[in-house]
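Below is one structure, written out as structure tokens, with a few remarks after it.
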Amino acid sequence: MQRCFPQLLSIFTVLTFFTFPFLTAEARTQYEYERLRTYEGAPPTIPHEVNKNLEQTNCMACHSQGGYSERFQAVAPRTPHPEFTMCLQCHVPKRKAQLFRGNSFPHWQNRSHPPQKTLSSAPPMIPHPKQYRQNCMTCHYGPAAVKQVQHPERKMCVQCHVWAKPKGKLQVNEE
Amino acid sequence: MKEDVKAFELSLCRPVYNCSRRDFLKQSALAAAVVAVSSMIPSTSFAGFAAPKDDGLKWNKAPCRFCGTGCGTLIAVKNGKAVAVKGDPNALVNKGLLCVKGYHTIETLYGKDRLKKALVRKNGKMVEVELEEALDLIATKMKDTINKHGKNAIAMYGSGQWAINDGYAAAKFFKGGLGCNNLEANARLCMASAVVGFLTSFGLDEPMGCYDDLDVGDVFILWGNNMSEMHPVLFSRILENKRKNPNVKIIDLTTRYTRTSQNSDKVIYFKPQSDLAIANGILRLILKNKWEDRGFIEQHVLFKEGKTNIGYGLEEHFTFEEQAKTIDIERFKKHLEPYTPEYVEKISGVSTQDLEYLASLYGNPKYNVVSLWCMGMNQHTRGTWINNLVHNIHLLTGKISKPGNHPFSLTGQPSACGTVREVGTLAHKLPHGVVMNPEHRALAAKIWNVPVENIDSKPGLHTVAMFRAIDRGEIKFLWVQCTNPMITMPKLKRYRNGLRRKDNFIVVSDIYPTPTTEEADVILPAAMWIEREGFFGNSERRTQHHYKLVDPPGDAISDMDQIIRVARKMGYGKLFPYPDETMPRDLYEEYRQFHEGHGHDMAPYSELIKRPGVRWPFISGKEVLWRYNEKYDPTCKKGSRFDFYGNPKSDNRAHVWFRPYEVAPESPDKEYPFWLCTGRVLEHWHSGSMTRRVPDLHRAMPNAYCELHPEDAQRLNIQDGEFIQLVSRRGKIKLKAYVDFRARPTKGHVFVPFFDEALKINELTLDAYCPLSKQPDYKKCAVRIERI
């Protein structure tokens with residue numbers, strides 16, 4: 001029985017997940033995720049309007065915990081970096097579609113590299129940078145998840161998953 | 001999909017838990033549930049795991065291309081293109097955080113209309129030519145102009161976005177080679193008041209503290225600057241301090257309610273120009289309540305008064321000569337007597353309570369106070385005076401040159417400090433000192449290896465005077481690099497007509513077509529920052545180096561290369577006797593010699609390439625974080641405690657100047673009842689030539705607009721989003737009025753950002769300037785609103 005306990009727990013979790021008011025149409029897809037980011041790692045643009053009233057939108061009303069927004073008919077993702085409170089410093093909305101001049105910088109799409117791992121049964125390495133992504137669950141669990149994890153009950157993600165490359169290490173261009 | 005399930009099932013059934021038959025059934029159920037879940041989230045896929053491979057990205061450090069914060073970034077290059085940016089977690093400035101402009105710097109390289117070839121005006125049309133032909137033409141024109149009209153008929157107008165090596169090449173060529181002091185930069189329009197404020201108060205330029213003060217300050221008083229949009233990462237640093245220390249107070253002294261105000265503890269509105277009265281009011285209260293640091297004053301301060309009623313630079317050949325006199329503290333107190341809280345309230349609108357509150361924050365010895373300012377105080381017809389006054393407050397209370405206590409003048413451009421101020425690309429400056437000083441000329445002649453007679457001892461023309469001289473036809477050749485004066489000159493129409501004269505020759509080096517390239521006779525394509533090796537110097541005296549990371553497009557070369565090639569064609573090749581591949585390093589090492597031993601020593605190249613920037617003074621392998629304080633600054637005399645070694649003639653004391661309140665040159669009146677203030681928004685850099693070509697930034701803020709107070713809008717019957725016409729004595733402009741969009745101005749006040757080249761708001765502004773610093777005032781002129 002003890003040996004099956006982890007499995008029971010996971011079934012239980014999955015079953016609750018199953019019954020969670022889950023809205024397929026509004027869940028974040030890989031396409032949507034990429035569409036808001038010019039390049040991998042860019043801060044996403046805001047896909048909804050920001051109140052014109054001095055732009056005093058209380059972002060945290062929806063993004064501190066995440067959840068479904070009636071107003072925007074979509075699921076708000078939870079912020080992975082709640083320590084930063086000046087949201088509009090990095091995240092901007094879209095107020096016009098037409099460009100001033102064209103730009104040939106290729107917008108991120110069709111993420112090319114699949115998750116990496118050394119052995120076929122090993123936990124995959126984390127392919128994205130660590131910066132501002134301390135809370136894995138914001139993208140990997142729940143209705144706003146981009147890539148759903150199958151074992152959300154295991155809390156210590158970094159115990160098994162490491163970053164594919166030492167990020168943040170200074171590479172000096174040797175010339 | 002089926003493969004997913006199979007792989008998943010197999011992975012579950014690995015013999016870790018000693019799977020029993022019962023377990024297997026449970027696991028299958030789980031797998032089935034997962035399949036169901038997978039079908040609900042179509043994009044989830046567990047197939048196709050691959051062995052680790054190199055993603056092909058090469059990351060390198062570079063300072064951000066934009067504001068004077070000088071964030072450290074890491075830029076990823078793949079297949080010769082810049083593909084991603086992130087904040088450098090090792091950079092002490094920003095510790096990995098950037099702002100929206102910083103995150104999009106690399107896209108500025110790839111606008112579709114990037115200038116790739118040189119263009120020359122032939123029969124009224126711009127024609128593509130080989131770069132060599134364009135450079136030959138420039139050299140010929142310069143030579144001809146000098147021969148026919150003298151060396152002061154040429155001029156160069158550079159930029160605080162010039163790399164240090166660009167500015168140094170320009171300074172050496174013009175001042176050491178040609179002997180012409182008509183070398184200016186757009187930082188004259190941005191930081192000149194701060195510079196002259198520092199020089200008159202301390203004898204040496206640039207802040208004495210650093211960003212570390214933002215982490216340990218208790219009170220942050222912002223003097224008319226919208227730090228949340230203009231230095232976002234520094235403001236975030238203050239907010240982080242506040243998060244850890246909830247007693248930290250941010251006071252926003254402002255003429256508009258902005259995002260900064262939203263995040264401040266207290267907002268105090270004041271009337272334009274009355275900051276002079278407020279500062280004097282604070283000084284008077286500090287002395288009246290005996291809150292001053294008497295010991296500090298007795299040892300380290302000298303009181304001075306200067307000329308008053310000094311004009312506004314509006315006359316064509318306006319000149320100004322300071323008449324300074326040393327006074328004592330009693331006379332200083334007497335000068336301050338009129339600035340009672342009641343009088344200050346009358347002029348500024350700041351209540352007596354608020355003034356006393358501000359004074360108490362400065363006066364309370366328990367608080368570490370940082371004053372922060374930028375364009376509000378610098379783009380001011382009394383910019384030098386208001387800079388002096390805020391320095392005074394910190395000097396009288398002794399809250400200076402120690403951690404958390406700092407009159408912090410924030411710089412706007414990425415290298416206004418590093419290039420314009422430190423290399424000295426201004427009409428009167430040399431890399432060390434000024435052209436008027438024979439010792440400084442001798443030093444320059446020695447390092448530059450030119451005869452000292454080459455260096456002209458008479459200062460050249462400052463920016464406004466230079467453009468006026470172009471308009472009068474006295475300057476016949478102008479080379480503009482890395483800036484857009486046909487958007488940024490005040491009273492724009494006059495100076496645009498000046499450039500359009502048939503008898504002058506205008507060369508413009510830029511990366512995109514702009515209203516300035518429109519007026520050019522030759523356009524040179526320039527390389528952007530990471531398309532060449534360069535150095536920037538930010539607000540906290542930090543010099544940052546970056547390598548060349550990608551190739552520039554087409555025939556584009558760096559500003560430095562353009563200057564050197566023209567110099568060689570004109571016979572000044574021996575000024576640049578280094579191989580081209582190592583020219584940036586060699587020029588930097590040569591330039592460094594100017595600053596040795598004057599309390600301005602700079603880190604060697606070998607240090608700069610290793611670290612995300614190094615602050616100067618860099619003495620014995622250590623950065624000096626707080627200058628003039630014996631504890632931190634080895635240049636100070638032993639036992640002096642504080643040593644303001646920039647003022648040797650004043651016994652190494654800092655100067656506390658009496659500076660009165662004087663009115664603005666053009667205030668609202670019956671015909672033009674509104675103040676017009678111009679400025680910036682978060683999303684755009686300066687005239688928008690770079691940021692408007694970045695899709696995300698342009699879409700977030702597509703056009704300029706006019707901010708109106710809701711009560712003014714109601715009174716004038718103007719709807720939010722309606723087109724209106726703003727009219728000043730110099731021009732008019734049609735644009736949309738927004739109420740409560742980004743910020744709310746005070747009543748009787750409108751604000752227009754200047755990033756939109758379709759809405760040239762500077763056609764309305766006035767070219768009045770501070771007589772000491774020669775910096776124009778973009779924040780105050782009079783307009784009226786017309787409904788259309």
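Numbered from 1 within each chain, the chains take letters A, B, ... in sequence-line order.
- Both the backbone and the side chain of A:Gln89 come within contact range of chain B, with heavy atoms under 4.5 Å apart.
- Remark: A:Asn58 CG is packed, more than 12 non-hydrogen atoms of other residues, nucleotides or ligands lying under 6.0 Å away.
- Only the side chain of B:Arg259 comes within contact range of chain A, with heavy atoms under 4.5 Å apart.
- Between the CD atom of A:Gln56 and the CD atom of B:Gln262 there is a distance of 4.0 Å, given to the nearest 0.5 Å.
- Checking side-chain atoms of B:Arg699 against main-chain N and O of A:Ala97 turns up a donor-acceptor pair under 3.5 Å.
- Within the 4.5 angstrom heavy-atom criterion, only backbone atoms of A:Gln98 (N, CA, C, O) approach chain B.
- Taking CD of A:Gln131 as the reference point, atom NZ of B:Lys95 lies at 13.5 Å (rounded to 0.5 Å).
- Between the side chain of A:Tyr39 and the main chain of B:Ala82, no donor-acceptor pair closer than 3.5 Å is present.
- Partners of A:His107 under the side-chain contact (heavy atoms from CB on, under 4.5 Å) rule, at least two apart in sequence or in another chain, are A:Thr38.
- Here the straight-line distance linking atom CE of A:Met86 with atom CD of B:Glu229 works out to 8.0 Å at 0.5 Å rounding.
- When heavy atoms are compared at a cutoff of 4.5 Å, A:Thr85 approaches chain B solely by way of its side chain, counted from C-beta outward.
- For a residue to count as touching a neighbouring chain, one of its non-hydrogen atoms must lie under 4.5 Å from one of that chain's; by this rule A:Leu88 touches chain B with backbone and side chain alike.
- No side-chain donor-acceptor contact under 3.5 Å links B:Tyr257 to the backbone of A:Leu54.
- Ring orientation note: the planes of B:Tyr110 and A:Phe105 are tilted relative to one another, at an angle of 30° to 60°.
- No part of B:Tyr512 comes within reach of chain A, as not one of its non-hydrogen atoms sits under 4.5 angstrom from that chain.
- Counting only heavy atoms from C-beta outward, the side chains of B:Lys112 and A:Arg101 never approach each other to under 4.5 Å.
- With rounding to the nearest 0.5 Å, the separation of NE2 in A:His91 from CG in B:Asp696 is 12.0 Å.
- Note: A:Asn103 CG to B:Glu107 CD = 6.0 Å, rounded to the nearest 0.5 Å.
- Using a 4.5 Å cut-off between heavy atoms, B:Arg243 touches chain A through its side chain atoms alone.
- Interface remark: B:Glu683 contributes side-chain atoms only to the contact with chain A (heavy atom separation under 4.5 Å).
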